[in-house]
Number of protein chains: 2
Amino acid sequence: MRWNDIDQMTCSLARTLSVIGDRWTMLILRDAFLGVRRFEDFEKDLKMPRHRLSERLRKLVEQNALTRVQYQTRPRRFEYRLTEKGVDLYPVIVSLMNWGDRWMAGADGPPVELIHRNCGKQIVPALKCPECDEEIRAREMTARPGPALRKRGLPAYGRAAPRPVPAGDAAAAINRAR
Amino acid sequence: MRWNDIDQMTCSLARTLSVIGDRWTMLILRDAFLGVRRFEDFEKDLKMPRHRLSERLRKLVEQNALTRVQYQTRPRRFEYRLTEKGVDLYPVIVSLMNWGDRWMAGADGPPVELIHRNCGKQIVPALKCPECDEEIRAREMTARPGPALRKRGLPAYGRAAPRPVPAGDAAAAINRAR
DNA sequence: TGACTAAGTTCTATTTTGGAACTTATTATC
DNA sequence: GATAATAAGTTCCAAAATAGAACTTAGTCA
């Protein structure tokens with residue numbers, strides 16, 4: 001499968017990745033969240049090829065995650081700002097950072113801390129259930145076909161169906177565990 | 001900058017991307033969360049090149065996000081399971097899905113819904129502040145240098161410093177807004 | 001013996017990326 | 001008035017990563 005076809009998968013994750021799932025886009029967005037807006041500043045901070053940056057910014061503008069705003073007239077210069085759609089990627093950035101902090105940080109600890117202005121405290125944002133307010137754990141979640149898949153009458157996420165395990169196999173017990 | 005050098009950036013996001021920031025890894029992990037464990041099943045579902053799959057699985061095992069477990073002896077066959085480090089990527093997957101659901105879904109609505117077993121309800125998990133329990137909004141968050149950067153005495157994320165805006169420029173007002 | 005299964009590996013053409021140099025419009029400096 | 005500087009790009013080409021198809025390995029089943 002070609003990468004260009006990825007947004008045609010009936011999968012929100014794949015569609016999201018079609019927008020931000022390349023080498024640089026996520027880092028560009030991180031910078032945008034930190035207040036970077038100008039081409040030169042992105043380039044200096046990320047040390048990425050200018051052509052690539054130009055292309056990625058254009059794509060993000062096309063996708064409406066950023067807007068290109070003229071900030072001076074002579075010579076005409078533009079800067080890039082997060083749109084609502086772009087700002088809404090914040091949880092993605094934060095989750096990725098959290099994971100990096102927990103699993104990839106060096107002995108010195110995480111490079112950046114987040115402060116919540118509301119309460120003034122340094123926090124690690126966490127996923128919660130809006131119904132029962134419990135913290136979300138992967139094992140407690142189930143996926144079921146949503147409207148788009150039900151409509152099409154597709155088998156959806158039936159892949160997780162338990163497989164027959166060769167009887168008496170040593171792995172069987174573990175297999176049932178997960 | 002070469003992609004291989006990305007994990008040397010002092011940035012948790014970059015380090016995370018060095019593990020899962022390529023074309024397929026995230027989709028492999030999604031499948032893993034849905035219960036897929038075997039090479040053939042990943043391959044059939046994702047329709048990705050086998051060599052690529054093999055390489056990505058190997059890398060995830062090296063990084064300790066998956067383990068390779070033998071599930072039968074003759075012939076020896078292995079399957080891949082999420083480790084704690086892997087399971088901990090759930091918030092990343094969920095955030096990406098949420099965004100896709102909100103911004104990239106077709107007219108039919110999202111392809112998958114999540115059920116929280118705890119309360120039995122269909123939910124959209126959200127990032128919350130563990131201190132004041134408010135939902136996290138990008139605009140209410142500030143980043144400051146964490147231990148790793150303070151130790152090194154680096155300028156950290158000073159890039160967001162306000163720039164002088166040409167006086168009287170039409171963009172100035174908007175510029176201050178954000 | 002030959003077909004089949006699961007999990008890979010090998011090969012090659014195509015696509016994407018990285019790096020450096022060049023362009024354009026305009027202001028500031030010698 | 002020529003020369004440099006700045007910001008935001010674009011152009012060109014070599015190097016790296018990816019896609020797709022075919023092949024391998026080890027063992028079972030008819």
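Looking at every heavy atom in both residues, Lys128(A) comes nearest to Ile136(A) through C-CG1, 3.7 Å. Lys44(B) and Lys47(B) get closest at one heavy-atom pair: O-NZ, 3.2 Å. Ser12(B) and Pro111(A) make their closest contact through OG-CD, 3.3 Å (heavy atoms, listed as atom of the first residue, atom of the second, distance). Nearest approach of Thr83(A) to Thr67(A), heavy atoms of both residues: CG2-N, 3.8 Å.
Look at Arg56(B) and you'll find a side-chain N or O under 4.0 angstrom from OP1 or OP2 of dT18(D). Between Arg68(A) and dG9(D) there is a side-chain N or O to OP1 or OP2 distance below 4.0 Å. Of the side-chain N and O atoms in Ser54(A), one or more sit less than 4.0 angstrom from OP1 or OP2 of dT10(D).
Nearest nucleotide to the Arg52(B) side chain, out of dA6(C), dA7(D), dT18(D): dT18(D). Of the candidate nucleotides dA7(D), dT18(D), dT10(C), dT18(D) has the atom nearest to the side chain of Arg23(B). Among the nucleotides dT17(C), dA8(D), dA7(C), the one closest to the side chain of Arg50(A) is dA8(D). For Asn4(A), whose side chain is taken as the heavy atoms from C-beta onward, the closest listed nucleotide among dG9(D), dA6(C), dT16(C) is dT16(C). Side chain of His51(A), nearest nucleotide from dC12(D), dT9(C), dT18(D): dC12(D). Counting only heavy atoms from C-beta on, Trp24(A) has its side chain closest to dG18(C) among dT9(C), dG18(C), dA19(D). Taking the side chain of Tyr71(A) as heavy atoms from C-beta on, and the options dT10(D), dT16(C), dA8(D), the nearest nucleotide is dA8(D).
Counting non-hydrogen atoms under 4.0 angstrom, Asp5(B) reaches nothing in the nucleic acid. In this structure, Arg76(A) reaches neither bases nor backbone, as no heavy-atom distance under 4.0 Å exists between it and the strands shown. Residue contacts shown for Arg74(B) are limited to sugar-phosphate atoms, with no base heavy atom under 4.0 Å away. Contact annotation for Arg2(A): backbone-only contact, meaning every heavy-atom pair under 4.0 Å involves sugar-phosphate atoms and none involves a base. Counting non-hydrogen atoms under 4.0 angstrom, Tyr80(B) reaches the backbone sugars and phosphates but no base.
Taking atom CD of residue Glu40(B) and atom P of nucleotide dA26(D), one finds them 17 Å apart after rounding to whole Å. Nucleotide dA7(D) holds its C1' atom 8 Å from the CD atom of Gln72(A), rounded to whole Å. Protein atom CZ of Arg38(B) is 8 Å distant from nucleotide atom P of dA6(C), rounded to whole Å. Atom-to-atom, CZ of Arg58(B) to P of dA7(C) comes out at 15 Å; the value is rounded to the nearest Å. For Leu46(A) and dT17(C), the CG to C1' distance is 15 Å, given to the nearest whole Å. One atom, CD1 of Ile6(A), and another, P of dT15(C), lie 17 Å apart when rounded to the nearest Å. Distance Met48(B) CE to dT18(D) C1': 10 Å, rounded to the nearest Å.
Residue-environment remark: CZ (Arg102(B)) exceeds the threshold of 12 foreign heavy atoms within 6.0 Å.
The hydrophobic cluster containing Ile115(B) does not contain Leu13(A), counting ILVMFWY residues as joined when their side-chain heavy atoms lie under 4.5 angstrom apart, directly or transitively.
Judged by distance alone, with hydrogens and angles left aside, Arg77(A) brings a side-chain donor or acceptor within reach of the base of dA7(D), the pair sitting under 3.5 Å.
Between Glu55(B) and Pro75(A), the residue anchored closer to the 5' end of DNA chain C is Glu55(B), taking for each the nucleotide with the nearest heavy atom.
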